[in-house]
Amino acid sequence: MSDDHHDHEHRGENHHTSATASKIAGGKYTCPMHPEVVSDKPGDCPKCGMALERISPPPTEGKTIYTCPMHPEIEQDHPGDCPKCGMPLEPKTVSGDAEDDAEIRSLARKFWIGLVLTAPVLVIAMGHLIPGFHLEALIPKSVSKWIEFALTTPVVLWAGGMFFTKGWRSVVNRSLNMFTLIAVGVGAAYFYSAVAVLAPGVFPASFRRGGEVGLYFEAAAVITVLVLLGQLLEAKARSRTGQAIKALLGLAAKTAHLLRDGEEEELPVDQIQKGDLLRVRPGEKVPIDGSITEGRSNLDESMITGEPMPVEKRDGDKVIGATVNQTGAFVMRAEKIGSETLLSQIVHMVAEAQRSRAPIQKLADTVAGWFVPVVIGIAILTFIVWAIFGPAPAMAYALVNAVAVLIIACPCALGLATPMSIMVGVGRAAQTGILVKNAEAIETTEKVTHLVTDKTGTLTAGKPRVTERKTIAGGDQKHLLQIAASIEQSSEHPLARAIVDAAKEQKLELLAVKGFESTTAGGVTGAIDGKTVRVGKEKFLADSGVNIPDSLKRDAQAWQEKAQTVVWVATDNQVSGILAIADPIKESTPEAIKALHALGLKVIMCTGDNRKTAEAVARELGIDEVHAEVVPRDKIEIVRKLKSEGAIVAMAGDGINDAPALAEANVGIAMGTGTDVAIESAGITLVKGDLMGITKAIHVSRAVMRNIRQNLFFAFIYNALGVPIAAGILYPFFGLLLSPIIAGAAMSFSSLSVVLNALRLRTVSLGK
């Protein structure tokens with residue numbers, strides 16, 4: 001029995017068992033007092049001597065491991081929330097299976113129900129600010145307060161209940177964050193108002209207006225709904241993160257034609273073993289990485305190189321899985337399987353880049369680290385001071401003023417500051433053909449210092465075209481193109497299609513051809529009106545006895561130095577002329593490069609094309625740096641190197657080979673005319689595929705971030721002024737305490753300022 005037959009008898013066995021035979025032991029440990037201390041093994045904290053606590057159990061074989069994008073040291077074998085920041089944990093690996101969108105459905109349900117319940121609460125609470133609107137004439141305050149209480153309770157306790165859970169967890173884990181601030185602010189506003197409805201007698205007379213205590217139900221409900229909206233948008237963004245990987249997985253061939261004992265058998269690709277012989281027919285995808293043992297063909301390898309020109313393959317040449325066979329059939333030997341294939345490596349690189357690119361920490365989270373303990377400290381101090389020195393009833397004043405501090409610190413405008421600017425800014429960008437996937441892309445784009453760009457499809461059109469024509473003295477250029485296209489219409493080569501397309505653009509009639517013949521790696525021959533026409537390489541014509549004029553040789557050499565491919569045309573052993581074919585630079589690209597330089601960016605070309613072509617394009621455009629003949633792993637390494645040197649990197653591309661670098665870059669920018677994989681890997685998509693869109697995206701980002709900073713100022717200035725007044729700092733001097741009416745008006749004006757300022761983005765100028 002042969003070795004090959006023996007191998008096939010064991011085809012059903014798992015040949016990856018050695019890779020998964022051992023479990024990964026350990027887990028992560030950290031100090032509860034110093035969370036920056038992380039260890040792979042238990043022990044004592046080197047800073048304070050406390051015993052380290054496990055923050056992630058060791059992963060077990062066969063289970064999906066979940067991690068936090070912001071705190072990658074957090075790992076566990078089941079979904080949940082990060083104990084440090086409260087973000088939902090994400091799987092470290094993404095499969096092609098359908099995702100469970102239960103989280104999105106739950107958040108959407110809570111958001112919409114909360115929104116419906118909050119709208120009337122807002123009208124009841126703020127209606128008096130609308131000129132001519134007198135709701136109290138229809139619904140007395142003694143009735144409307146119960147309506148507010150009934151509508152707000154499910155919004156805060158049911159829809160927003162998870163925020164209290166996350167806020168409590170942040171306190172237990174000594175990692176205060178945005179959810180701590182939300183829980184404190186919403187909780188104070190809701191429970192204060194609930195007590196005011198259920199037991200109004202505990203409040204001093206100074207806190208009443210018209211016999212009723214001021215309520216903050218609308219603040220609690222609005223904040224809850226706003227945060228729910230943010231959580232819903234984030235959940236949808238996270239669900240889209242895996243789409244790039246799923247698109248990549250979808251590129252792979254599903255079946256292969258196995259040759260065994262003279263018979264051909266179709267089987268799933270995952271059953272292929274090393275050494276198997278596989279037949280690949282024209283139009284099929286190469287099923288796995290390997291080498292050709294019989295036959296020859298042209299392969300479309302644009303998914304790897306990004307270049308539209310096919311690559312000729314013959315015996316002994318390597319072929320890559322998921323590339324497309326174009327013209328001929330061949331037999332190949334499988335050499336790499338499973339995770340060893342180049343496509344699997346690209347999938348791994350994209351997944352790794354997406355995990356390592358942690359979302360930018362929101363300013364609210366950063367502020368919460370000090371703002372929450374300061375506010376709570378002021379509230380406690382307020383209670384103590386009023387309990388000791390306040391007028392009778394001292395405890396009532398102490399409690400009310402302490403709660404007032406927590407209420408005035410409620411982040412209502414803070415909740416609006418970022419999403420309002422992002423929402424308006426993203427809408428403004430969409431008007432100009434710039435689609436923004438997430439807020440992180442907007443926030444980072446303003447800081448970009450380096451743009452790494454692909455060549456084909458990004459700087460150039462991405463499709464070979466006839467760019468030059470030259471005839472012998474007295475020749476007709478249209479006739480030259482006509483006879484070349486007439487011969488090439490029977491060829492499947494991409495250069496032939498470029499010639500035929502050029503003739504069709506000029507509405508030239510294609511002539512009848514007899515005796516068409518194709519010579520591999522040479523050219524094509526046919527008869528037109530009884531004359532023999534040859535189209536192809538210079539050597540093909542010379543070998544056929546055609547005399548090559550020196551003048552055309554010089555012209556051909558000049559074109560080749562500009563990275564253009566030269567096609568020769570001869571009639572009856574006499575040269576008729578030459579055609580130049582190239583991937584032309586987009587008309588908008590030169591202006592875009594100048595605009596990017598004017599914005600202070602360094603532009604770097606990173607392409608799989610040959611160095612001669614790349615350098616010719618770079619010289620013409622004035623590009624700062626060129627990396628040619630690179631593979632996907634090279635691109636991602638170039639991006640990582642720039643980032644390690646402190647650069648903020650944007651990557652622009654349109655191909656599958658660009659996907660890992662798009663995911664790794666600080667900002668990925670995909671051409672809308674490119675592949676789905678590139679678009680899913682990027683944070684920004686330029687619908688028109690026009691590089692000028694990058695300059696507009698930078699203008700949008702800078703305007704939005706400037707607007708957010710202004711909004712945050714409006715949001716915090718009222719807190720900064722209101723907290724000490726709520727604590728009673730003016731009482732010893734003027735006998736003034738913060739009235740609920742004034743507090744409500746301050747919150748309303750703060751939110752109104754944020755909204756009006758954000759709306760200014762609708763008219764922001766984005767340049768040309």
Residue set satisfying salt bridge (Lys or Arg N to Asp or Glu O under 4.0 Å) with Asp572, at least two apart, ordered chain then number -> none

Can you name the salt bridge (Lys or Arg N to Asp or Glu O under 4.0 Å) partners of Arg279, sequence neighbours left out? Glu264

Sub-4.5 Å side-chain heavy-atom contact between [X] and [Y]:
{"X": "Gln489", "Y": "Leu510", "result": "yes"}
{"X": "Arg534", "Y": "Asn573", "result": "yes"}
{"X": "Pro287", "Y": "Val280", "result": "yes"}
{"X": "Leu299", "Y": "Ile320", "result": "no"}
{"X": "Ile288", "Y": "Val269", "result": "yes"}

Looking at [Y], is its backbone amide N or carbonyl O close enough to the side chain of [X] to form a donor-acceptor pair, meaning the two atoms are under 3.5 Å apart?
{"X": "Ser297", "Y": "Gly328", "answer": "yes"}
{"X": "Lys254", "Y": "Ala252", "answer": "yes"}
{"X": "Asn298", "Y": "Gln326", "answer": "no"}
{"X": "Thr695", "Y": "Leu596", "answer": "no"}

Please report the interatomic distance [atom1]([X]) to [atom2]([Y]), rounded to the nearest 0.5 Å.
{"X": "Leu451", "Y": "His597", "atom1": "CG", "atom2": "NE2", "answer": "9.0 Å"}
{"X": "Arg296", "Y": "Glu312", "atom1": "CZ", "atom2": "CD", "answer": "5.5 Å"}
{"X": "Ile638", "Y": "Ile604", "atom1": "CD1", "atom2": "CD1", "answer": "8.0 Å"}
{"X": "Asp634", "Y": "Cys606", "atom1": "CG", "atom2": "SG", "answer": "7.5 Å"}
{"X": "Asp501", "Y": "Glu505", "atom1": "CG", "atom2": "CD", "answer": "6.5 Å"}

Nearest heavy-atom approach of Gly526 to Val513 is CA-CG1, 4.0 Å

Can you name the nearest heavy-atom pair linking Arg333 to Gly275, along with the distance? NH1-O, 3.1 Å

Could you go through residues 540-559 and list every donor-acceptor pair under 3.5 Å that involves a side-chain atom there, pairing it with any protein atom two or more places apart or in another chain?
from, atom 1, to, atom 2, distance (Å)
Asp543, OD2, Lys539, NZ, 2.9
Ser544, OG, Phe540, O, 2.9

Stepwise side-chain contact (heavy atoms from CB on, under 4.5 Å) test for Leu691 and Met671: CA-CA 8 Å; Leu691 211 63; Met671 302 295 114; 4.3 Å; yes

Do Ser576 and Thr571 have a side chain donor and acceptor closer than 3.5 Å? yes

No-hydrogen, no-angle side-chain donor-acceptor test under 3.5 Å, Glu266 and Thr255: yes

Answer yes or no: are there more than 12 heavy-atom neighbours, outside Gln477 itself, under 6.0 Å from its atom CD? yes

Can you tell me if CG on Asp529 sees more than 12 non-hydrogen neighbours from other groups inside 6.0 Å? no

Could you go through Glu468 and Lys470, starting from their C-alpha distance and side-chain angles, then the distance that decides it, and tell me whether this counts as salt bridge (charged side-chain N to carboxylate O under 4.0 Å, His left out)? CA-CA 7 Å; Glu468 304 273 2; Lys470 183 89 174 181; over 6 Å; no

The residue among Ile578, Leu579, Ile472 that forms side chain to side chain contact (heavy atoms under 4.5 Å, CB included) with Leu480 is Leu579

Between Arg465 and Ile581, does the side-chain contact (heavy atoms from CB on, under 4.5 Å) criterion hold? Intermediate values first, please. CA-CA 5 Å; Arg465 297 183 61 185; Ile581 299 178; over 6 Å; no

